[in-house]
Novice: 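Sharing a structure here in structure tokens format.
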Amino acid sequence: MSEPSRWFVVLSALSFLPFLVVAVTPFLRFVIVFSAIRYALGLQQTPPNIVIISLSIFLAFFVMGDIPNALSVATVEPLLEGSIDFRAALAA
């Protein structure tokens, strides 16, 4: 594969990263709840949206922190040790 087409594939794959963050993490749920709390308290623009989004990202990664660790223990470490093959790691 030539260098420009490799960059195209990498950049195309990275363009799906925001979609994955919203789709497979509790990020969107946190944003909705924090926005609802803000309006329930009668605070239209305090705190600003960037604060709500930053707090939601932090909490989403905090809540989902055990998942990458469990994937690493179950798949990556045995794959690197050679005790399972790539197909078994992919299935796990």
Side-chain angles (χ1 to χ4, degrees):
M1 183 182 287
S2 67
E3 190 67 25
S5 57
R6 183 176 304 191
W7 277 107
F8 176 73
V9 170
V10 169
L11 291 175
S12 297
L14 285 177
S15 68
F16 288 106
L17 190 62
F19 169 73
L20 290 175
V21 168
V22 171
V24 299
T25 65
F27 168 75
L28 189 60
R29 204 170 288 197
F30 283 131
V31 169
I32 291 169
V33 168
F34 288 143
S35 296
I37 290 172
R38 177 174 67 181
Y39 287 116
L41 292 173
L43 307 170
Q44 273 69 28
Q45 292 298 320
T46 305
N49 288 335
I50 192 70
V51 173
I52 289 177
I53 292 171
S54 301
L55 187 59
S56 298
I57 288 173
F58 173 75
L59 285 174
F61 284 124
F62 179 74
V63 167
M64 304 230 6
D66 292 338
I67 294 173
N69 187 25
L71 283 174
S72 174
V73 170
T75 59
V76 175
E77 291 176 7
L79 181 64
L80 293 177
E81 292 171 356
S83 59
I84 61 172
D85 63 342
F86 182 74
R87 289 184 185 211
L90 192 61

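As the structure is a prediction and not an experimental result, all values here were calculated from the model. Sequential numbering from 1 along the given sequence is applied to the chain's residues.
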Novice: Restricting to non-hydrogen atoms, name the atom on S12 and the atom on F16 that form the minimum distance, rounded to 0.1 Å.
Specialist: O-CD1, 3.3 Å
Novice: Say you draw a straight line from CZ of F30 to CZ of F58; how long is it, rounded to the nearest 0.5 Å?
Specialist: 10.5 Å
Novice: Which heavy atom of R38 sits nearest a heavy atom of L43, and at what distance?
Specialist: CG-O, 2.7 Å
Novice: For a quick test of reading the model, state the closest non-hydrogen atom pair linking A74 to I84 and the distance between them.
Specialist: O-CD1, 4.4 Å
Novice: CG/N49 to CZ/F34 distance, rounded to the nearest 0.5 angstrom?
Specialist: 13.0 Å
Novice: Measure the spacing between CZ of F61 and CD1 of I67 and express it to the nearest 0.5 Å.
Specialist: 11.5 Å
Novice: Distance check, rounded to the nearest 0.5 Å: I52 atom CD1 versus T46 atom OG1?
Specialist: 9.5 Å
Novice: Is the number of heavy atoms from other residues, nucleotides or ligands under 6.0 Å of Y39 OH greater than 12?
Specialist: yes
Novice: To the nearest 0.5 angstrom, please state how far the CG atom of L14 sits from the CG atom of L20.
Specialist: 10.5 Å
Novice: Measure the spacing between CG of L59 and OG1 of T25 and express it to the nearest 0.5 Å.
Specialist: 11.5 Å
Novice: For the hydrophobic clusters of this structure (ILVMFWY residues joined by side-chain heavy atoms under 4.5 Å, transitively), does one cluster hold both I57 and V24?
Specialist: no
Novice: I want to check something: taking the side chain as every heavy atom from C-beta on, are S35 and V31 in contact at a cut-off of under 4.5 Å?
Specialist: yes
